[in-house]
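Just so you know, ligand 1 is whichever comes first in the structure, and atom 1 is the first atom listed for that ligand.
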Amino acid sequence: MWPTLDHRGAVGKGVLDIPTAALSERVSLEAIAREVGTPCYVYSSAMIRAQYDQLKSAMGKLDVRLHYSVKANSSIAILALLRELGAGLDIVSGGELFRSLKAGYTGKDIVFSGVGKTEREMEEALRANVLLFNVESEQELHVLDAVAKRVGAKAPVALRVNPEVLVDTPHPYTRTGEKGMKFGIPFDEALSVGKVAASLPNLRLLGLDMHVGSQISQFAPYEVGLQRLLHLRREIERETKVRLEYLDIGGGLAVTYDASDRAVDVKQFGQVISALVGGAGLKIILEPGRFLVGNAGVLLTRVLYRKRSGGKEFIITDAGMTDLLRPSHYNAFHRIEAVNPTGRTTVADVVGPICESGDFLALDRQIDDAQPGDLLAVQSTGAYGFVMASNYNSRPRPAEVLVDGDKFAVITKRESYDDLVHNEIPPAWRSAQ
Ligand SMILES: *Cc1c(COP(=O)(O)O)cnc(C)c1O
């Protein structure tokens, strides 16, 4: 039997024990690798749909919309798939706005987050009529007010507040809601910034927003953060007479990477959130990114070489940190499985071809004794995988493939050498005095 990409993005029998075999996609990863080449990302439509449905139904009767965080995986085909399910989007740049519109979303489907929006991006988002700007500082409010005046629009605003909660994530880089982070308005300034927002003529203050971090598996940061936001809402409404409509809880729900990781109890998450905000009379926004796509993707890579050095075993693959940055950047763990296991195992560093010692997919890993030519699947790479790919070492970025049932389709072509130099021009010197 051919190995299959199952609902966890796992190969064959899968390692994590979530028995939902009905969701299995029936495609051969070996066949895809042969047709499309390696490295390439492969995503499961069924898994994305299942994650979306699971989270949406966990929220019960709450007035909630899932605004998928585009930065997790911004392929237009993925965005379009989520649009069919009813998702809105959370974007962090003008480029993501451009993609979102290409995928068929309208401004009203979109909330615009980000700590450093430029005037150009604000203008584009105003012209697109986005649902909310999640504003992160008082200065940003003033700039947005001026841009809105110029455009002749009233900018819809939610204040992104730093709830200053302690968050336990696998890596400090994925914490955002602790005191002293660059994100959000410091909690003790939020009321006064709220008054400013309410007073500026070209803004409409409509909501509050938080985002506590990423790969979060406990609910305490959400609970504490939400309580703070609800308290702040009462203060702002009392002091400004503005009635807020939206409460944006952010993203951050964890997925499983290691076999020992426990899946987030989404039902319980829904209950916790509903208990806190069910009666608040607010429209709730969630911004899940990783949760919807993380476990839905694998990175396929072929073994190029084996070698031994300094008593250590190396498996050298055709994918490296330019294709999947997470191991190098976050010290992230991704399971790596042989698509056609040899039946023998070894302990090895799995490293890429890039000229950096920090270029690895796994260190000191018990893994199939894969030989040159063998195909490996790097698991759970649907989020923050392809989107973080770079051209370092002049490497074309990999292809992306979407699977649906027994069919597959290339949704992003592998870059060509021409693509690499596409924007480069011979210098045409001009004076800058
Ligand atoms: C990155 C991000 C998200 C999504 O985070 P996940 O951990 O992928 O769910 C949501 N909201 C904001 C503002 C973000 O920056």
Side-chain angles (χ1 to χ4, degrees), residues 48 51-52 54-56 58 64-75 78-79 82 87-93 95-97 100 110-117 121 125 130-137 140 157-163 167-178 181-185 207-219 221-222 225-226 229 246-257 261 263-264 266 269 273 284-297 325-326 329-330 332 380-388:
I48 296 172
Q51 291 294 95
Y52 181 92
Q54 194 194 352
L55 184 54
K56 185 72 173 67
V64 64
R65 188 158 189 208
L66 308 188
H67 284 251
Y68 169 63
S69 176
V70 172
K71 75 178 192 286
N73 183 328
S74 40
S75 304
I78 301 281
L79 300 183
L82 283 158
L89 298 178
D90 166 47
I91 61 167
V92 293
S93 73
E96 287 189 351
L97 174 63
S100 306
I110 295 169
V111 298
F112 189 5
S113 304
V115 71
K117 304 177 193 76
E121 288 174 321
V130 296
L131 184 70
L132 286 174
F133 287 84
N134 288 335
V135 172
E136 303 214 15
S137 68
E140 187 189 336
V157 165
L159 298 181
R160 171 158 174 193
V161 177
N162 183 344
V167 188
D168 187 21
T169 67
H171 195 280
Y173 289 1
T174 58
R175 287 169 210 158
T176 57
E178 289 185 4
M181 295 281 178
K182 75 172 177 178
F183 297 103
I185 296 161
L208 296 175
D209 166 47
M210 68 176 195
H211 172 63
V212 291
S214 198
Q215 188 58 8
I216 301 172
S217 47
Q218 315 100 328
F219 304 143
Y222 291 99
L226 268 184
L229 254 58
Y246 293 98
L247 189 62
D248 185 337
I249 297 172
L253 280 180
V255 300
T256 50
Y257 286 107
D261 289 348
V264 166
V266 182
F269 177 75
I273 302 297
I284 306 301
I285 292 173
L286 285 180
E287 301 172 345
R290 187 190 310 269
F291 180 82
L292 295 182
V293 294
N295 288 139
L325 185 60
R326 286 178 33 77
H329 186 57
Y330 301 113
S380 301
T381 50
Y384 307 106
F386 179 87
V387 286
M388 288 183 144

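A salt bridge does not link Glu96 to Lys71: none of the charged side-chain nitrogens sits closer than 4.0 Å to a carboxylate oxygen.
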Inset, instruction - Decide side-chain contact (heavy atoms from CB on, under 4.5 Å) for Asn295 and Thr256; before the verdict, give the C-alpha distance in whole Å, the side-chain angles of both, and the deciding distance to 0.1 Å. - result: CA-CA 7 Å; Asn295 288 139; Thr256 50; 3.5 Å; yes
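Close to ligand 1: Tyr384, with a non-hydrogen atom less than 4.0 angstrom away. Not a single heavy atom of Ala383 lies less than 4.0 angstrom from ligand 1.
Taking the ring centre of Phe133 as origin, the terminal cationic atom of Lys117 falls outside the region bounded by 6.0 Å and 45° from the ring axis.
Residue contact check: Arg290 has heavy atoms under 4.0 Å from atoms 6 (P), 8 (O), 9 (O) of ligand 1. Here is the list of ligand 1 atoms found below 4.0 Å of a heavy atom in Ser113: 13 (C). With ligand atoms numbered from 1 in the order given, ligand 1 contributes 1 (C), 2 (C), 3 (C), 4 (C), 10 (C) to contacts under 4.0 Å with heavy atoms of Ser69. Set against the non-hydrogen atoms of Arg160, the atoms of ligand 1 under 4.0 Å away are 13 (C).
Counting heavy atoms from C-beta on, the side chains of Val266 and Phe291 come closer than 4.5 Å.
Using cut-offs of 30° and 60° for the angle between ring planes, the Phe269 and Tyr222 rings count as perpendicular.
Among protein heavy atoms, atom 13 (C) of ligand 1 sits closest to Glu287 OE1, 3.4 Å. In this structure, the protein non-hydrogen atom closest to atom 7 (O) of ligand 1 is Ser214 OG, 2.3 Å. In terms of protein heavy-atom proximity, atom 2 (C) of ligand 1 is nearest to Lys71 NZ, 2.3 Å.
Between Gly289 and ligand 1, at least one N/O pair is under 3.5 Å apart. Not one N or O of Pro288 is nearer than 3.5 Å to an N or O of ligand 1, by distance alone.
Shown here for Ala72 and Arg290, the closest heavy-atom pair between the two residues is CB-N, 3.9 Å. Shortest non-hydrogen contact noted between Tyr257 and Asp261 is N-OD2, 2.8 Å.
The side chain of Asp90, and not its backbone, has at least one atom closer than 4.0 Å to an atom of ligand 1 (non-hydrogen atoms only; side chain from C-beta on).
In this structure Glu136 satisfies the salt bridge (charged side-chain N to carboxylate O under 4.0 Å, His left out) test together with Arg160, sequence neighbours excluded.
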